[in-house]
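So the structure is just underneath, and the comments pick up after that.
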Amino acid sequence: EILPYTLRHYLTLASRIVVHDGLSTDGTRGIAQKLGAEVELWDTEGRLNDQLARELKNTCWRGTDADWVIVVDADELIYFPEGVHTLDRYEEAKIAVVKPKGWEMYSDAFPTHDGHIYDGIKYGATDEKWYSKPVLFSPRRVWQMQFTAGAHTCRYITHGSREWRENPAAPTHPLTYLLHYHQIGTIERLAAKYDATRQRLAQINITNRWGNFAPVLKHAQDKRALILPRLERVIP
């Protein structure tokens, strides 16, 4: 459901989009190809495995000649509030890894239009603990990337260096946003999504407690309760 909005957004920024599809049966490949994305099959054995996802994000960009790469989940949009020329400023400063300002976007209705998702969903709550994810970086400067599970933080080695650098401590300026469009639709829809995700968790996720293990409806309600009092306008 979210993929058309994700791809339409990245078509405004990227010269190449690759969707890594875990042998899904929900029409993902057809949607991706229709909107001009490349599709790489990614065998996860039907499970949500954050170890495999971490390895994919650590390596899928290697060998590219792109100036910048973005490695995101389908509900995550890198957004430049001051325009894409923000990347020129990062180039001037020789930024290797960008730490965005994270936002948990919110709507009680799932969008049904054919435009951009942020044309209709403009409000969110800041979340710099989970969604200031360092998913935008320069392969011309980054030689090796090592994400944590969920890609919430990273360590990296730059070209010409042998030392690991730690995750950027503060959002990079000028600001880039990472808009997380997960909290959209009814509470019941969200709870069903949490339940479906839980049913697909790989054993490594269960062992490491990667994911939500609270009752799904309560978790959805608790998340909404945290977000609603802090809502502010994110998109003009």
message = Can a donor-acceptor pair be found, under 3.5 Å and without considering hydrogens, that links the side chain of R16 to the backbone of T64?
response = no
inquiry  = Surrounding NZ of K122 (heavy atoms of other residues, nucleotides or ligands, distance under 6.0 Å), is the total greater than 12?
reply    = yes
task = Determine, for F213 and R209, whether the Lys NZ or Arg CZ falls below 6.0 Å from the six-membered ring centre while staying within 45 degrees of the axis.
result = yes
query = Are the side chain of D43 and the backbone N or O of E45 linked by a donor-acceptor pair below 3.5 Å?
reply = yes
ask   = In terms of side-chain heavy atoms, does W130 have a donor or acceptor partner in E104 at a distance below 3.5 Å?
value = no
inquiry  = Would you say CD of Q199 has more than 12 non-hydrogen atoms from neighbouring residues, nucleotides or ligands within 6.0 angstrom?
reply    = yes
request  = Describe, in one word, how the ring planes of H9 and Y79 are oriented to each other, choosing from parallel (under 30°), tilted (30 to 60°) and perpendicular (over 60°).
outcome  = parallel
inquiry  = Please report whether the ring centroid of H182 lies less than 6.0 Å from that of Y131.
reply    = no
ask   = Okay, side chain of N208, backbone of N205: is any donor-acceptor separation there less than 3.5 Å?
value = no
key: Side-chain donor-acceptor contact under 3.5 Å, T59 with E55   = no
request  = Indicate, with yes or no, if L52 and V19 share a hydrophobic cluster defined by side-chain heavy-atom contacts under 4.5 Å among Ile, Leu, Val, Met, Phe, Trp and Tyr.
outcome  = no
ask   = Of K99, K101, E128, K133, which is the lone residue that meets side chain to side chain contact (heavy atoms under 4.5 Å, CB included) with L178?
value = K133
query = Can you get from V18 to L7 by hopping between Ile, Leu, Val, Met, Phe, Trp and Tyr side chains that sit under 4.5 Å apart?
reply = no
task = Output the distance between atom CH2 (W164) and atom CD1 (I157), rounded to the nearest 0.5 Å.
result = 4.0 Å
note = Sorted by chain and number, sequence neighbours left out, salt bridge (Lys or Arg N to Asp or Glu O under 4.0 Å) with R165 holds for none
Verify same cluster id: I17, L56 (apolar side-chain graph, 4.5 Å) = no
request  = Supply the atom-to-atom distance T86 OG1 to Y177 OH, rounded to the nearest 0.5 angstrom.
outcome  = 10.5 Å
inquiry  = So, taking the atom named CG in D73 and the one named CG in L77, what distance separates them when rounded to the nearest 0.5 Å?
reply    = 11.0 Å
ask   = Do the non-hydrogen side-chain atoms of Y123 and E232 ever get within less than 4.5 Å of each other?
value = no
remark   = Between the CH2 atom in W42 and the CG atom in D21, the distance rounded to the nearest 0.5 Å is 9.5 Å
task = For the pair Y5 and H113, evaluate ring-ring contact (aromatic ring centres under 6.0 Å, His included) and give the outcome as yes or no after the intermediate values.
result = CA-CA 9 Å; Y5 296 102; H113 58 80; 5.4 Å; yes
ask   = Do V72 and V84 belong to the same hydrophobic cluster, where Ile, Leu, Val, Met, Phe, Trp and Tyr are linked whenever their side-chain heavy atoms lie under 4.5 Å apart, directly or via other members?
value = yes
query = Is the closest side-chain heavy-atom distance between T186 and D108 below 4.5 Å?
reply = no
message = Under a 3.5 Å distance rule, please check whether D195 uses its side chain to pair with a backbone N or O of A191 as donor and acceptor.
response = no
key: SG-CD distance between C154 and E166, expressed to the nearest 0.5 angstrom   = 8.5 Å
request  = Start with the C-alpha gap between N212 and T197, add the side-chain angles, then the distance that decides, and say whether side chain to side chain contact (heavy atoms under 4.5 Å, CB included) holds.
outcome  = CA-CA 9 Å; N212 166 55; T197 298; over 6 Å; no
message = Please evaluate residues W61 and F137 with respect to the criterion ring-ring contact (aromatic ring centres under 6.0 Å, His included), reporting the C-alpha separation (whole Å), side-chain torsions for both, the decisive distance (0.1 Å), and the verdict.
response = CA-CA 10 Å; W61 52 274; F137 55 94; 5.1 Å; yes
task = Could you walk me through whether F147 and T153 pass the side chain to side chain contact (heavy atoms under 4.5 Å, CB included) test, one step at a time?
result = CA-CA 6 Å; F147 285 111; T153 60; over 6 Å; no
inquiry  = Counting C-beta onward and ignoring hydrogens, is there a side-chain heavy-atom pair between Y156 and Q144 closer than 4.5 Å?
reply    = no
message = Among residues at least two apart in sequence or on other chains, which ones pass salt bridge (Lys or Arg N to Asp or Glu O under 4.0 Å) with E82?
response = none
query = Any chance CZ of R230 has more than 12 other-residue heavy atoms, nucleotides or ligands included, within less than 6.0 Å?
reply = yes
Within 45° cone of W103 ring axis and under 6.0 Å: R233 NZ or CZ = no
request  = Check for a donor-acceptor pair, side chain of T158 on one end and backbone N or O of S161 on the other, with a separation under 3.5 Å.
outcome  = no
key: S107 side chain vs I184 backbone, donor-acceptor pair below 3.5 Å   = no
query = Quick one: are W210 and R54 in side-chain contact, heavy atoms under 4.5 Å?
reply = yes
key: Any I2 side-chain heavy atom under 4.5 Å of I117 side chain   = yes
message = Does any part of the side chain of D75, heavy atoms only, come nearer than 4.5 Å to the side chain of T6, both counted from C-beta?
response = no
key: Beyond-backbone contact of D67 with L87, side-chain heavy atoms, under 4.5 angstrom   = no
request  = Please assess K218 against D222 for the test salt bridge (Lys or Arg N to Asp or Glu O under 4.0 Å), listing each intermediate value before the final yes or no.
outcome  = CA-CA 6 Å; K218 183 179 185 302; D222 289 348; 2.7 Å; yes
Distance-only donor-acceptor check, side chains Q221 and R224, under 3.5 Å = no
request  = Please tell me if the side chains of I204 and N49 come closer than 4.5 Å, counting only heavy atoms from C-beta onward.
outcome  = yes
inquiry  = Between V71 and C60, is the side chain to side chain contact (heavy atoms under 4.5 Å, CB included) condition met? List the steps.
reply    = CA-CA 8 Å; V71 288; C60 66; 3.7 Å; yes
inquiry  = Could you measure the distance from the CD1 atom of I227 to the CE atom of M105? Nearest 0.5 Å is fine.
reply    = 10.5 Å
ask   = Has the side chain of R141 got a donor or acceptor atom that lies under 3.5 Å from a matching backbone atom of H159?
value = no
message = If we count only N and O atoms by modelled type, under 3.5 Å, do the side chains of Y90 and T176 hold a donor and an acceptor together?
response = yes
query = How about R8: does its CZ atom have over 12 heavy atoms from other parts shown lying under 6.0 Å from it?
reply = yes
request  = Give a yes or no on whether V135 and L11 share a hydrophobic cluster (residues Ile, Leu, Val, Met, Phe, Trp, Tyr; joining criterion: side-chain heavy atoms under 4.5 Å apart).
outcome  = yes
